[in-house]
Amino acid sequence: MTGPVLSLRGVSKSFSQGGLLDRLRRRDNRLVALHDVSLDVMRGDVVGIVGESGSGKSTLAGLAVGLAQPTSGEVLLDGQSITELMRDHAGPWRRRVQMVFQDSSSALNPRKSVARCLGETLALRGVPKPQRESEIVDLLTLVGLGREIGPRLPHELSGGQRQRIGLARALAMKPEVLIADEPVSALDVSLQAQVINLLSRLTRELGLTLLFISHDLALVRTLCSRIVVMRKGAIVEQGPCLDVLDRPQHPYTQALIAAVPKGLAGRRTPLPVRADVATPKTREDIHGAA
Ligand SMILES: Nc1ncnc2c1ncn2[C@@H]1O[C@H](COP(=O)(O)OP(=O)(O)OP(=O)(O)O)[C@@H](O)[C@H]1O
Ligand SMILES: [Mg+2]
């Protein structure tokens with residue numbers, strides 16, 4: 001039996017608040033963003049992370065991707081402590097967990113063409129120069145874009161195209177775990193559908209493990225096999241996505257679902273899509289028969 005690919009064990013994270021004066025006066029101004037969070041993510045899981053604003057979702061993502069260190073507890077990748085992996089040699093580990101951000105326009109360098117941006121990422125992975133051009137075309141194809149996009153600068157792309165480039169750049173590293181922090185909330189509904197369908201296809205085809213942070217329960221229902229509900233820095237409920245959304249046990253989850261306009265959280269039909277993007281049809285389509 002194989003263990004979880006990503007684990008959080010009793011992870012807490014606090015931030016100091018207030019100015020220097022407060023700290024000099026030794027006022028306890030620490031804000032606990034995560035409190036004793038434990039979570040196991042199995043290989044191939046597609047985990048939706050939901051919860052109100054400020055509940056600690058992005059903080060959790062930042063710890064999992066190594067942008068920050070936990071105040072206490074451990075983050076493990078394949079059973080190995082991330083802190084230790086980072087200490088030994090950050091490079092290989094950094095490749096294994098990749099992140100896609102909400103607003104790819106700020107995540108992409110405005111002065112670098114798509115091809116250059118992807119080429120530099122491939123170089124980081126150690127892909128020899130002669131192979132990079134064909135890998136760039138492969139990556140663009142993977143995210144449903146043509147090679148003509150290569151010479152373009154980020155501002156010459158649509159929002160949906162930019163988000164796909166953000167995704168292509170993350171995939172260029174051949175990550176085992178992809179963390180997408182509200183990757184579609186800056187997009188309109190039809191572009192959202194494109195990116196969600198793409199993520200759905202990639203998780204199936206590449207066997208990618210995905211942590212999908214979103215406020216949209218309908219998207220989580222469409223895409224995810226598991227769901228984690230967060231509130232005030234803690235996990236209040238987790239389990240198979242449909243079980244939790246259809247039979248929420250915790251009052252907070254019940255309230256979260258009740259807050260969605262009627263019908264939307266239960267949306268099972270495919271989202272509107274453009275003809276060039278494959279549509280996930282059923283749950284089995286997305287996750288394979290159980
Ligand atoms: N670098 C930081 N310094 C100080 N406080 C922070 C920092 N990052 C996050 N926080 C605080 O930690 C708490 C959790 O923030 P986090 O960004 O993880 O929430 P979130 O669930 O991602 O919210 P949203 O849905 O609005 O993106 C918030 O109260 C936030 O203000
Ligand atoms: Mg956030």
Side-chain angles (χ1 to χ4, degrees), residues 6 8-39 41 46-73 75 82-83 86 97-107 159 163 166-167 170 177-187 192 195-196 199 210-221 223-224 226-238 241 244-245 248 250 252-253 255-261 264-265:
L6 179 72
L8 275 71
R9 296 256 182 277
V11 167
S12 298
K13 177 72 184 174
S14 44
F15 294 105
S16 48
Q17 282 184 309
L20 184 61
L21 208 57
D22 287 326
R23 269 178 260 161
L24 286 176
R25 286 178 184 152
R26 293 173 190 272
R27 284 192 191 152
D28 189 17
N29 273 336
R30 294 188 73 75
L31 180 140
V32 181
L34 279 185
H35 178 67
D36 195 19
V37 167
S38 292
L39 174 68
V41 180
V46 180
V47 184
I49 301 181
V50 302
E52 66 202 356
S53 185
S55 56
K57 305 180 296 295
S58 296
T59 303
L60 187 154
L63 293 175
V65 90
L67 289 172
Q69 294 284 318
T71 311
S72 60
V75 181
I82 281 185
T83 320
M86 294 276 273
V97 187
Q98 285 289 308
M99 184 127 160
V100 180
F101 296 92
Q102 173 174 354
D103 182 7
S104 48
S105 50
S106 59
Q163 204 57 333
L167 195 54
V177 180
L178 185 68
I179 302 180
D181 193 354
E182 302 192 40
V184 297
S185 50
L187 304 176
Q192 281 191 2
V195 176
I196 293 298
L199 279 172
L210 175 68
L211 262 61
F212 178 75
I213 298 173
S214 178
H215 283 108
D216 189 330
L217 296 181
L219 288 185
V220 170
R221 178 187 276 276
L223 186 68
C224 300
R226 296 188 62 77
I227 188 169
V228 169
V229 184
M230 295 190 65
R231 186 191 188 204
K232 293 185 178 168
I235 294 177
V236 295
E237 186 164 359
Q238 60 174 310
C241 192
V244 171
L245 289 179
H250 194 281
Y252 176 69
T253 318
L256 207 61
I257 293 169
V260 178
L264 276 183

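Order of appearance sets the numbers: ligands from 1, and atoms from 1 within every ligand. For the numbers below, each heavy atom of this structure counts, side chains included, while hydrogens, waters and symmetry mates do not. Just so you know, residue 1 is the first one in the sequence shown, and it goes up from there.
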Among all protein heavy atoms, pick out the one at the shortest distance from atom 11 (C) of ligand 1; state its residue, atom name and that distance to 0.1 Å.
Leu31 CD2, 3.6 Å
Calculate, to the nearest 0.5 Å, the distance between atoms CG and OG1 belonging to Leu34 and Thr71 respectively.
8.5 Å
Of all the non-hydrogen atoms in the protein, which one sits nearest to atom 9 (C) of ligand 1, and at what distance?
Phe15 CE1, 3.5 Å
Is there at least one pair of N or O atoms, one from Ser16 and one from ligand 1, spaced under 3.5 Å apart?
no
For atom 17 (O) of ligand 1, grab the closest protein heavy atom and report residue, atom and distance to one decimal in Å.
Ser58 CB, 3.7 Å
With a 4.0 Å cut-off on heavy atoms, does Ser55 reach ligand 1?
yes
Atom 14 (C) of ligand 1: nearest protein contact (heavy atom, Å):
Gly54 O, 3.4 Å
Output the distance between atom CG (Leu8) and atom CG (Asp36), rounded to the nearest 0.5 Å.
10.5 Å
NZ (Lys57) and CZ (Arg231) are apart, to the nearest 0.5 Å, by 13.0 Å
Ligand 1 contacted by His215 (non-hydrogen, < 4.0 Å):
yes
Give yes or no for whether the N/O distance cutoff of 3.5 Å, strictly under, is met between Gly56 and ligand 1.
yes
CD1-CZ distance between Ile49 and Arg226, expressed to the nearest 0.5 angstrom:
11.5 Å
Minimum heavy-atom separation for Ser55 to Gly51, with atom names?
OG-C, 3.5 Å
Heavy-atom protein neighbour under 4.0 angstrom from atom 6 (C) of ligand 1:
yes
Point-to-point distance, once rounded to the nearest 0.5 Å, from CZ of Arg221 to CG of Asp216:
11.5 Å
How far is atom 18 (O) of ligand 1 from its nearest protein heavy atom, and which residue and atom name does that atom have?
Thr59 OG1, 2.5 Å
Do any non-hydrogen protein atoms sit less than 4.0 Å from atom 31 (O) of ligand 1?
no
Answer yes or no: are there more than 12 heavy-atom neighbours, outside His35 itself, under 6.0 Å from its atom NE2?
no
Pair Ser58-Asp181, side-chain donor/acceptor within less than 3.5 Å:
yes
Does the shortest distance from the Mg ion (ligand 2) to an N/O/S atom of Ser58 fall below 2.8 Å?
yes
Any idea which atoms of ligand 1 are less than 4.0 Å away from a heavy-atom of Ala33?
12 (O), 13 (C)
Counting only heavy atoms closer than 4.0 Å, does ligand 1 sit against the backbone of Met230, its side chain, both, or neither?
neither
Pick one of side chain, backbone, both or neither for how Leu60 approaches ligand 1, counting any non-hydrogen atom pair under 4.0 Å.
neither
Glu182: heavy atom below 4.0 Å from ligand 1, yes or no?
yes
Does the side chain of Thr253 pick up a donor-acceptor pair with the side chain of Glu237 at under 3.5 Å?
yes
Got the closest protein heavy atom to atom 26 (O) of ligand 1, with its distance?
Ser53 OG, 2.4 Å
Please list the nearest protein heavy atom to atom 25 (O) of ligand 1 with its residue and the distance rounded to 0.1 Å.
Lys57 NZ, 2.7 Å
Atom pair CD1/CD of Ile227 and Gln238 - distance to nearest 0.5 Å
10.5 Å
All heavy atoms of Ile196 vs all of Leu223, minimum pair found to be O-CD1, 3.8 Å
